[in-house]
Amino acid sequence: MNKETETRLKLYAVRMRKLILEGIYRAQSGHPGGSLSCTDILAYLYGEKMRVNPEKPEDPDRDHFVLSKGHCAPALYSALALRGFFAPDELDGLRSCGSMLQGHPCMSHIPGVDMSTGSLGQGIATAVGMAMAGKLDNKTYRVFSVLGDGELQEGEVWEASMAAAHYKLDNLTAFVDFNGLQIDGPNETVMGLGSIPDKFRAFGWHVIEIDGHSFPEIEAAVTEAEGVKGQPTMIIAHTHKGMGVSFMKDQAGWHGAAPNTEQYETAIAELNAVLSALEV
Amino acid sequence: MGKMATRESYGKALAEFGSDERIVVFDADLSKSTYTVTFKKVFPERHFNMGIAEGNMMSVAAGMATTGKICFASTFAIFAAERALEQVRNSIGYPHLNVKVCATHAGITVGEDGASHQCVEDLAIMRAIPGMTVVQPCDGASTRAAIKAAIDTYGPFYVRLGRLAVENVYGEYGDEIPFTIGKANLLRNGKDVTIIATGLMVQQSLAAAKILEAEGVTARVLDMHTIKPIDREAIVAASRETGAVVTAEEHNILGGLGGAVAEVLSEEAPCVLRRVGVRDLFGQSGKPQALIELYGLTPEDVAAAARSAVAAK
């Protein structure tokens, strides 16, 4: 990845982070921690990788994306808005009556949302269905999905993983946003996950581990996945919950809490400083 | 008169209409029991076995339906409507996707497998999901018509099918019959009482009407093949024109056909109502006919309910 692309994606990501915080702050409700941890993955997908067209959001040949960790909807909404699917100021209505931006992604009303999600474990299974349809119809589109680490506690993830390997879905690339924290605390104290890479390997997936905040590493992994034949790929992305906001970083308490005015202003000031440095 | 289980007619209908390449069929290791194997024999490339993982099957079908496919997902009713309920609700119902959940082995006539496999709650459950169309055909010809309607009507469907071979009501499988989603079929007219039935209770109710006729009571019999949207007009007319209604279903009397009819009657045209069905009990192992007798689903039980309703007018 050249420096110019990396800088452009860093700008995309910091703008996403600002929109995420603005939306959650105005709503005084939402999930900032996990939204910020998967931001760089979504910035790469929507800012660089995915073949999608805001003028034709339902183009049957588009790349598909399912946010299996649906509670991180603000990350998806901000990525879509910056890609041109709708105006960024739609985030002002996040989670409020009359807004299309529901608390969890809703495909019926939001341009660019390929699947309604929110109930953990189901999103990855719907991505499997999209990938199977792609195989059936000889489409060249690819299907991407992002799961939470806590989400891996849902049995359906493993049912879906078994099916993805069984049907040799090499057109499916998924990420685990592995920030190590869930609502009640660290994964390992809530319900230990064991070795996530070993589990997916045992289920028949090609597994790659990366720093989920490094654009060159994200790109290299996605490119590697495209070359894998006969297997789906799981990219275990090591991330930090609350990434980009100093006081939210690695804090389970920011899983589902909105910042107050002082916290919001501090966070936006931090992000503006990053933005200014990148814009130079 | 011929006999065929509605599950068998379902498989035949899938195969008959399966040349439509939008149709994709999913099963969860029960394809010989649900008869989706009949489709698989003709269109193997569009039949997917998802293994013993019903919730996942529903979500996968939902994902595939987003690409424009008409997805059929089949397993036993107990697993379709209950184990996989939340997937049906959130991945299929909420996004209003074109998935037809076709659930076989509904009700107590599953027989020997017993209560764990005898689903008597599914109509109540599925009816409560916004936008879900709920259909229960009673024989081969009506199953074929219901599957055709499901293919031709966009949106989520729950189609309730049975294990037990049942007498034909409308003719042989393949006969064209009048069948409109949301419109009850009048099978027999009468002035004293209306029996509103669904599934195999249609046959029981027609037999009950003959018993009643011999006693000088004329019963109207409606095949309420669509539980949702329910045919309000036919229910109101039944109340106004016959003054007494009996519902008959192989399902808990709570929340299914009896509940749906009671809602319409109490809001629009109150009259005497009797509900025939499983009286808030789990099933048990036994021969289907023995269970029909034990749980009060015989023609005589329907006739008794009708007599009671007429007497209370």
Between B:Phe26 and chain A, with a heavy-atom cut-off of 4.5 Å, which part of the residue counts as in contact: side chain, backbone, both or neither?
side chain

If you measure from the Lys or Arg side-chain nitrogens to the Asp or Glu carboxylate oxygens, is any gap between B:Arg83 and B:Glu54 under 4.0 Å?
yes

Side-chain donor/acceptor of B:Gln118 to backbone N/O of B:Gly111, under 3.5 Å
yes

Test: B:Glu249 and B:Arg160 ion pair at under 4.0 Å:
no

Heavy-atom proximity to chain B below 4.5 Å, by part of A:Glu154:
neither

Which one wins on heavy-atom pair count under 4.5 Å against chain A: B:Gly63, B:Gly55, B:Ala65, B:Gly68?
B:Gly63

Region of A:Met130 that comes under 4.5 Å of a non-hydrogen atom in chain B:
both

Would you call A:Lys139-A:Asp137 a salt bridge at under 4.0 Å N-O?
no

Chain A contact via B:Ser91 - side chain, backbone, both or neither, heavy atoms under 4.5 Å:
both

Between A:Ala160 and chain B, which part of the residue has a heavy atom less than 4.5 Å away: side chain, backbone, both or neither?
both

Do A:Asp61 and A:Arg51 sit within salt-bridge range, that is, some charged N less than 4.0 Å from a carboxylate O?
no

Using 4.0 Å as the upper bound for N to carboxylate O, is an ion pair formed by B:Asp27 and B:Lys40?
no

So what's closer than 4.5 Å to chain A heavy atoms on B:Glu86: side chain, backbone, both or neither?
both

Among A:Gly134, A:Ser116, A:Ala127, A:Gly155, which residue has the highest count of heavy-atom pairs closer than 4.5 Å to chain B?
A:Ser116

Just so I understand: if I count every heavy-atom pair under 4.5 Å between each of A:Ala131, A:Cys106, A:Ala163 and chain B, which residue has the most?
A:Cys106

Applying a strict 4.5 Å limit to non-hydrogen atoms, the region of A:Met115 in contact with chain B is side chain

Taking NZ, NE, NH1 and NH2 as the nitrogens, is one of them in B:Glu267 or B:Arg232 under 4.0 Å from a carboxylate oxygen of the other?
yes

